[in-house]
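In the text below, chain A, chain B and the rest are named by the order of the sequence lines, each starting its count at 1. Values in this document were obtained by computation on a predicted structure and should not be read as measured data.
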Protein chains: 2
Amino acid sequence: MVMTTDVHGRDLRYFVTVAEELHFTRAAERLYVSQPALSKQIRALERQLGVELFRRERQGAALTPAGEALLPYARRVLEAWEEGATAVEEVRTAQRSTLVVGMSTSPGRGGLLPAVRSRFTAARPEAVIRLRQVNWADPTAGLADGEADVAFIWLPVPDQDRYAWTVIAEEPVRVALPDTHPLAARAEIDFADLLDEPFLALPESAGPLRDHWLALEARDGRPPRIGAEIAGTEETYEALLAGLGVCLVAAGNVPLLTLGGVTTRPVRGVPPSRYVLAWRKDDARRPLVRAYAEACRTAARGGRGLADGP
Amino acid sequence: MVMTTDVHGRDLRYFVTVAEELHFTRAAERLYVSQPALSKQIRALERQLGVELFRRERQGAALTPAGEALLPYARRVLEAWEEGATAVEEVRTAQRSTLVVGMSTSPGRGGLLPAVRSRFTAARPEAVIRLRQVNWADPTAGLADGEADVAFIWLPVPDQDRYAWTVIAEEPVRVALPDTHPLAARAEIDFADLLDEPFLALPESAGPLRDHWLALEARDGRPPRIGAEIAGTEETYEALLAGLGVCLVAAGNVPLLTLGGVTTRPVRGVPPSRYVLAWRKDDARRPLVRAYAEACRTAARGGRGLADGP
DNA sequence: CTTCGGTGATAACCGATGGTTATGACCACG
DNA sequence: CGTGGTCATAACCATCGGTTATCACCGAAG
């Protein structure tokens, strides 16, 4: 196994140009460098290879056998790199013109998504939207790991200073119970009456959001009973039916759960939840992100006093 | 046309290694560089391409789509370069193990060449000798332009300080004439009697060697008449037959011309000529050159007091 | 024979690059 | 809650790759 040292693409480009011109000064002009710089680099390449590539003569240069041997490979190297750079460039532009929208569940809410989409597409006709449903284990719905560029999520978000958002809705909280649950008979429920109920909880990794849906701040320090962990709509529905526990749910999400056998009731004593479109602060300047956020504000009929944050 | 900037092969090697390890620290170890250096270089490559190649995560790194796209091309670039370097290396070793022997005419002289070859091959069995006949326009028989590594030539050599040599023979000079020439009747000729004869001369480019064979130093400042220029044995023979002029010839080269119709006679008043094996001083350390010179010394029965020079 | 124009090589210099070690922020794990 | 692993950052330094100015060389043209 021969150990070959690395080469700078520039040196090969210089070499090929000199090989084409057979003239250092002219090649230097074509390359927009000074002739001494070119001479030195070619010399360095020769030293690196341990062989002369050109014979310097009065009226220019001539390829040595070694130079002759190298030339086609040098061209191949440059060509391969050019193709690689182009391939990357394509990915780059493709990803610059597609926006991935993360969501934990369907946003629903009376055609919110189509409304945003049509506004967004009007502003950015060339852009492509990809929706991506993300497991509830990730409270940022894909923002954290770069899977999504923007995301429909519930506050609070962990790592608060890495994200910005605009509020879409502030919704009262209801409790979801199996029809068979004793409390299901009541028209409205005090959260105090739920303190001893087993709760369905988001995975640990959801951090403060898990606490939020357990209404930790309304429990006065007493730890909740966890009936099961849930990471998706269907899971939750099945867990409710199975009587593993109850759970809080935003008013706007109620339709996702009330498929039969499950009821929801208003809850007193729990603050409303805020549903937001969020993005990484790093991406705040990306045109597609800005455009989507703007589309979202207007679609949610901005001006109702809903604030951006943080 | 997209303008792609150059890339250093090292950066691609770093990239490929990280892509294989998916782990900066391990990759840095494999590459024998520090982890910060690797991080910085990858970052630089990403900045150059304007795109992230890896997503840094807790337990290592993962390729982004752009990185995924680049990887195969990066491998192709490295591979192409590896092949190119190998090709050059082959040329290098080939040329290091072949010795090109330049000569203006066949050295003849009773099997000199086979004797040198056998001695040389005994010392360097792996080496290959290539003989190369060079036009008389080049008095260094190919040393000057690199066509030959060693050469059998006549002194004086131009650019004296660029070459070294070992003397093979010091031979008396004769004059070659057509049989029909009046002077051909004499057994021996004074050079004074040749002063007005037209001479066959080497090309201008032969420099001092041309003057030598015109015996300029024996003419006392009177310019010679040039009957024709000659650049090869057959040319010379034909020119002599045609009566275009006479010419001086070393005793050892007489057999090359006396094919019929041409005679040679000893000349008084012209110093003997020295036939040498010469090489570029730059090459004085090359093993093959040294070995050939040594073989030449012994084959010419060194110790007869023939000096090396300069 | 000298001058002149054009070749590539060399020198002196300077900012950028690519490496080092030391350190930090972060997070998973006992 | 330390501890050990990740990658990133900082400060520093030698080398690299470029510049301009200049040289040595040689062929062509006065």
Integer-rounded Å distance: [N] [atom2] and [X] [atom1]:
{"X": "A:D11", "N": "D:dG18", "atom1": "CG", "atom2": "C1'", "value": "13 Å"}
{"X": "B:E46", "N": "D:dC7", "atom1": "CD", "atom2": "C1'", "value": "12 Å"}
{"X": "A:Q48", "N": "D:dT15", "atom1": "CD", "atom2": "P", "value": "17 Å"}
{"X": "A:L31", "N": "D:dT19", "atom1": "CG", "atom2": "P", "value": "11 Å"}
{"X": "A:E204", "N": "C:dC27", "atom1": "CD", "atom2": "P", "value": "16 Å"}
{"X": "B:I42", "N": "C:dG18", "atom1": "CD1", "atom2": "C1'", "value": "13 Å"}
{"X": "B:D6", "N": "D:dC16", "atom1": "CG", "atom2": "P", "value": "18 Å"}
{"X": "A:R10", "N": "D:dG18", "atom1": "CZ", "atom2": "C1'", "value": "9 Å"}

Q. For B:E29 and B:R26, what are the C-alpha separation, side-chain angles and deciding distance, and is it a salt bridge (Lys or Arg N to Asp or Glu O under 4.0 Å)?
A. CA-CA 5 Å; B:E29 285 170 8; B:R26 269 200 308 276; over 6 Å; no

Atom pairs, protein N/O to nucleotides 7-10 of chain C N/O, distance under 3.5 Å:
residue : atom : partner : partner atom : Å
C:dT7   : OP1  : A:H23   : NE2          : 2.9
C:dG8   : OP1  : A:F24   : N            : 2.6
C:dG8   : OP2  : A:T25   : N            : 3.0
C:dG8   : OP2  : A:T25   : OG1          : 2.3
C:dA9   : OP1  : A:R43   : NH2          : 2.8
C:dA9   : OP1  : A:R56   : NE           : 2.7
C:dA9   : OP2  : A:S39   : OG           : 2.6
C:dA9   : N7   : A:Q35   : NE2          : 3.0
C:dA9   : N6   : A:Q35   : OE1          : 3.1

Q: Please report the closest heavy-atom contact between B:F152 and B:A141, naming both atoms and the distance.
A: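 Nearest heavy atoms, B:F152 then B:A141: O-CB, 4.3 Å.
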
Q. Closest heavy-atom contact between B:V33 and B:L38?
A.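 Looking at all heavy atoms of both residues, the closest pair is CG2-CB, 4.2 Å.
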
Q | Distance below 4.0 Å between B:S34 side-chain N/O and C:dT20 OP1 or OP2 | A |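 True: B:S34 side-chain N/O within range (under 4.0 Å) of C:dT20 OP1/OP2.
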
Q: Look at A:Y32 and D:dG17 and indicate whether a side-chain polar atom (N or O) is within less than 4.0 Å of OP1 or OP2.
A: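 Checking A:Y32 against D:dG17: no side-chain N or O falls below 4.0 Å of OP1 or OP2.
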
**Q.** Heavy atoms of other groups near B:R280 CZ, more than 12 under 6.0 Å
**A.**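 Enclosed: over 12 neighbouring heavy atoms sit under 6.0 Å from CZ of B:R280.
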
Q: Would you check, one step at a time, whether the test salt bridge (Lys or Arg N to Asp or Glu O under 4.0 Å) holds for B:E79 with B:R76?
A: CA-CA 5 Å; B:E79 189 188 6; B:R76 280 186 48 202; over 6 Å; no

Q: Scan for side chain to side chain donor-acceptor pair (under 3.5 Å) pairs involving residues 213-229 of chain B, sequence neighbours excluded, and state none if there are none.
A: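 Found B:R210-B:E229.
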
Q: Using a heavy-atom cut-off of under 4.0 Å over every strand shown, decide if A:F54 touches base, sugar-phosphate, or nothing.
A: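 Nothing, no nucleic acid heavy atom in range.
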
Q) Is there a side-chain contact between B:R43 and B:K40 (heavy atoms, below 4.5 Å)? A)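 They are not in contact (no side-chain heavy atoms under 4.5 Å apart), so the answer is no.
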
